[in-house]
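All remarks here apply to the structure that follows.
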2 protein chains.
Amino acid sequence: MADKVTIADVARVAGVSRQTVSNVLNTPEVVREETRQRVLDVVGELGYRVNRAARQMRTGRSQLIAIRIDPDRDGINGSVLDRFLHGLTDAAARSGYRILLYTADDDRSEVATFEDLLGAYEPDGFVLTGTHHRDPRASWLLDKGVPFVTFGRPWGEEAAARHPWVDVDGSAGTAVATRHLLDAGHARIGFLGWPAGSGVGDDRREGWARTLAEAGVDPTGLSRATSDAVADGEAAARDLIDSDPGVTALVCVSDSLAVGALHAARSPGLAWREDTRPELPIAVIGFDDTPVARAVGLTSLSQPLKEAAASCVTLLARILEGTETARASAASPAHVLLEPSLVVRQSA
Amino acid sequence: MADKVTIADVARVAGVSRQTVSNVLNTPEVVREETRQRVLDVVGELGYRVNRAARQMRTGRSQLIAIRIDPDRDGINGSVLDRFLHGLTDAAARSGYRILLYTADDDRSEVATFEDLLGAYEPDGFVLTGTHHRDPRASWLLDKGVPFVTFGRPWGEEAAARHPWVDVDGSAGTAVATRHLLDAGHARIGFLGWPAGSGVGDDRREGWARTLAEAGVDPTGLSRATSDAVADGEAAARDLIDSDPGVTALVCVSDSLAVGALHAARSPGLAWREDTRPELPIAVIGFDDTPVARAVGLTSLSQPLKEAAASCVTLLARILEGTETARASAASPAHVLLEPSLVVRQSA
DNA sequence: TACTTCGTCTTGAACGTTCAAACCCATGGA
DNA sequence: TCCATGGGTTTGAACGTTCAAGACGAAGTA
């Protein structure tokens with residue numbers, strides 16, 4: 001608290017000018033090696049740290065990356081953002097940035113928050129999560145030329161290539177899960193998903209359907225769609241199992257639905273199945289590897305959130321530090337698609 | 001992006017000086033009503049927003065509150081911090097602050113991060129979570145006179161009154177849970193906790209023991225201590241139930257242990273109990289009301305995290321905005337103790 | 001010799017805000 | 001008439017940094 005070391009203090013002690021100290025820190029190549037070393041020594045000695053506010057005044061760069069922390073959410077999948085957030089904070093720190101949080105109840109109020117933040121704190125960029133069809137947030141940021149990366153593909157066709165994004169390949173994930181079940185001897189493998197129309201949900205369903213078809217099993221009639229709640233998952237699972245007695249395994253679009261499916265699979269009402277094929281209980285695989293999955297022994301697909309977060313920071317930093325402007329990079333934005341991995345537990 | 005409205009722009013359009021605009025925004029009482037109104041109109045019209053960096057340069061206030069986001073942790077209880085974080089972001093925004101995230105692997109590196117942050121971003125204050133005996137972080141901040149609030153009581157005796165804190169009354173929570181079980185007809189109620197020495201754990205055990213004693217039941221021998229993992233909870237529950245066949249209910253220090261207890265309570269090995277008192281299955285109550293509790297139907301104690309977060313912001317803002325210095329407030333710091341509430345589900 | 005170039009370093013100005021002090025004018029009392 | 005008071009406003013300076021321009025000496029070139 002007591003000491004507030006400025007660049008002028010360093011300059012005085014090192015016997016050089018302010019600008020030379022600044023150069024040592026920002027453009028070391030223009031200063032003589034001997035001087036550079038002397039200045040660096042003094043910097044260490046006095047514990048000098050560049051004042052971001054002052055630097056921001058001059059350069060317009062705040063070294064802040066803003067991200068929204070969602071209100072409540074469904075809870076069960078909430079931990080995904082939590083882990084992503086930690087990864088982001090970590091990766092950002094390594095690149096000299098810090099994470100600034102904000103909340104918003106919907107897209108409209110989020111855009112209003114953009115204006116607020118840009119006017120006051122001037123974050124250098126944004127990370128958007130949970131992007132969807134015709135996302136007004138992305139368009140607004142694109143329009144203003146504010147750098148940003150999304151965690152999640154832009155599912156809308158035309159916008160697909162207008163900004164950098166990072167995503168996890170859901171289709172590859174459900175394919176791995178399905179193959180795992182096939183290898184374990186299951187044939188008629190069902191899918192519990194969300195109603196068609198959500199990019200993420202459709203993508204995950206596609207991986208299951210493709211793999212099943214490749215194995216010579218017709219996926220028709222083996223899929224159910226429902227909203228993302230445990231009870232809904234249980235009902236849908238029961239419905240699917242009842243309608244097709246051959247079903248011995250379920251791939252689910254989320255851990256919420258998978259937990260519901262587990263309830264259904266273990267419920268007394270299905271005891272008769274023990275007689276039919278007692279050696280093969282109904283297997284269930286979830287998606288996201290949430291703490292709930294860990295707690296109940298649910299096999300699930302784990303997203304590489306740490307890597308995803310690191311990629312977001314990398315892509316954003318490239319825009320911010322490269323010579324390219326946000327608009328230029330929008331011409332040919334970079335994409336990163338990561339593969340989820342299957343965490344095998346008791347349920348499959 | 002295009003426009004960058006400064007205080008000078010507003011002044012020019014409104015036909016006043018910079019300082020008058022500044023006064024309208026910061027000390028409206030010194031400016032004539034008519035002028036005030038005119039300036040405010042122009043502010044709205046131009047969409048002026050005060051530049052935090054420039055203000056910070058002059059006033060030294062960054063309007064930032066820093067908080068650590070923990071690395072992963074046990075996962076099952078991680079959602080607590082997540083919800084707290086959201087509440088904090090929300091409450092902070094309402095008071096004109098924003099939340100800045102940082103990570104640290106241990107207390108030592110966290111203190112190093114303090115120095116980094118204070119030197120560069122100069123957050124106005126910190127919120128510390130997971131405080132413990134002789135916490136070096138609290139001492140460091142106290143020493144430097146940096147304003148902070150802890151979420152969690154300072155359990156160490158002497159330091160108890162040296163900084164403001166917010167906490168949830170764990171003892172009151174387990175008392176409510178125990179009373180709930182007593183009312184439901186249970187008599188011999190067990191407790192699954194952590195090893196003695198953790199303030200939080202001891203506090204929660206105390207509420208159970210007190211309530212049981214008040215009801216005329218001697219708690220001796222009805223308690224087990226173990227580390228916070230599902231498997232440990234299961235083992236401890238089994239041990240307790242085996243050693244005392246009269247036990248029909250368990251209060252647990254965490255949802256992790258409670259989920260383990262549920263496994264034990266429902267395991268086939270205990271089927272004989274059905275004969276003894278089939279009308280009364282073993283009831284289990286957890287702590288923290290995590291998503292896992294919701295998913296498996298576990299009755300649990302819910303912490304008022306939103307209120308806790310809001311209280312943290314209020315206490316911090318009081319230090320930051322009040323006339324009192326951090327050191328002065330350390331003389332008689334404010335405390336807030338909130339009551340958890342019981343969320344009843346199938347398990348009890 | 002004079003002119004240019006280059007490497008290294010320094011100086012003044014500026015970013016947008018608020019503080020401290022000064023200014024102006026109307027009012028009222030001596 | 002003069003001065004003190006005070007509400008409302010303006011002016012200059014400063015916060016700590018980096019940009020743009022310039023200064024200076026050494027070395028190379030005409």
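Throughout, a chain's letter reflects where its sequence line sits, starting with A, and its residues are numbered from 1. Worth knowing before you read on, the calculation uses all heavy atoms, side chains too, and leaves out hydrogens, waters and symmetry mates.
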Establish, with yes or no, whether the OP1 or OP2 oxygen of [N] is under 4.0 angstrom from a side-chain nitrogen or oxygen of [X].
X: S17(A); N: dT11(C); result: no
X: N26(B); N: dT18(C); result: yes
X: R18(A); N: dT17(D); result: no
X: R32(B); N: dG8(D); result: no
X: T6(A); N: dG16(D); result: no
X: T35(B); N: dT9(D); result: yes
X: T20(A); N: dT10(C); result: yes

Starting at [atom1] of [X] and ending at [atom2] of [N], how long is that distance when rounded to a whole Å?
X: Q63(A); N: dT17(D); atom1: CD; atom2: C1'; answer: 13 Å
X: M57(B); N: dT17(D); atom1: CE; atom2: C1'; answer: 7 Å
X: I7(B); N: dA14(C); atom1: CD1; atom2: P; answer: 19 Å
X: N51(A); N: dA14(D); atom1: CG; atom2: C1'; answer: 14 Å
X: Q56(B); N: dC19(C); atom1: CD; atom2: P; answer: 14 Å
X: R52(B); N: dG16(D); atom1: CZ; atom2: P; answer: 20 Å
X: E122(B); N: dT17(D); atom1: CD; atom2: P; answer: 10 Å
X: R55(B); N: dG16(C); atom1: CZ; atom2: C1'; answer: 11 Å

Worksheet item: When you match A8(B) and R38(A) each to their closest nucleotide on DNA chain C, which lands nearer the 5' end?
Response: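 Looking at the nearest nucleotide for each, R38(A) comes out on the 5' side.
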Item to complete: Over 60° means perpendicular and under 30° means parallel, so classify the ring planes of F151(A) and F84(A), tilted if in between.
Response: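 Ring orientation, 0 to 90° scale: parallel.
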Item to complete: Name all residues meeting the side-chain hydrogen bond (donor to acceptor under 3.5 Å, both in side chains) criterion together with S17(A); count only those two or more places apart in sequence or in a different chain, and write none if there are none.
Response: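 In terms of side-chain hydrogen bond (donor to acceptor under 3.5 Å, both in side chains), with neighbours along the sequence ignored, S17(A) is linked to T20(A).
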Discussion item. Do T131(B) and R137(B) make a side-chain contact, defined as non-hydrogen atoms from C-beta onward lying under 4.5 Å apart?
Written reply: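 The answer is yes, as the side chains (C-beta and beyond) meet within the 4.5 Å cut-off.
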Worksheet item: Taking the side chain as C-beta and beyond, is there a heavy-atom pair between Y97(B) and R61(B) under 4.5 Å?
Response: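 Contact flag for Y97(B)/R61(B) side chains = yes.
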Worksheet item: Pick the nucleotide of DNA chain D nearest each of A54(B) and G15(B); which residue has the one closer to the 5' end?
Response: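 Result of the comparison: G15(B).
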Fill in: side chain to side chain donor-acceptor pair (under 3.5 Å) pairs, two or more places apart, involving residues 22-31 of chain B
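Applying side chain to side chain donor-acceptor pair (under 3.5 Å) to every pair that reaches into residues 22-31 of chain B, excluding sequence neighbours, yields Q19(B)-N23(B), S22(B)-N26(B), N23(B)-T27(B), N26(B)-R55(B).
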Looking at the base of [N], is there any donor atom on it, or on the side chain of [X], that sits under 3.5 Å from an acceptor on the other one?
X: R58(B); N: dG16(D); answer: no
X: R49(B); N: dG16(C); answer: no
X: Q19(A); N: dC19(D); answer: yes

Worksheet entry | Proximity to the side chain of K4(A) - top-ranked nucleotide from dG16(D), dT17(D), dC9(C) |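 Among dG16(D), dT17(D), dC9(C), the one nearest the side chain of K4(A) is dG16(D).
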Worksheet entry | L64(B) versus Y121(A), closest heavy-atom pair with distance |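 Closest heavy-atom pair between L64(B) and Y121(A): CD2-CE2, 3.8 Å.
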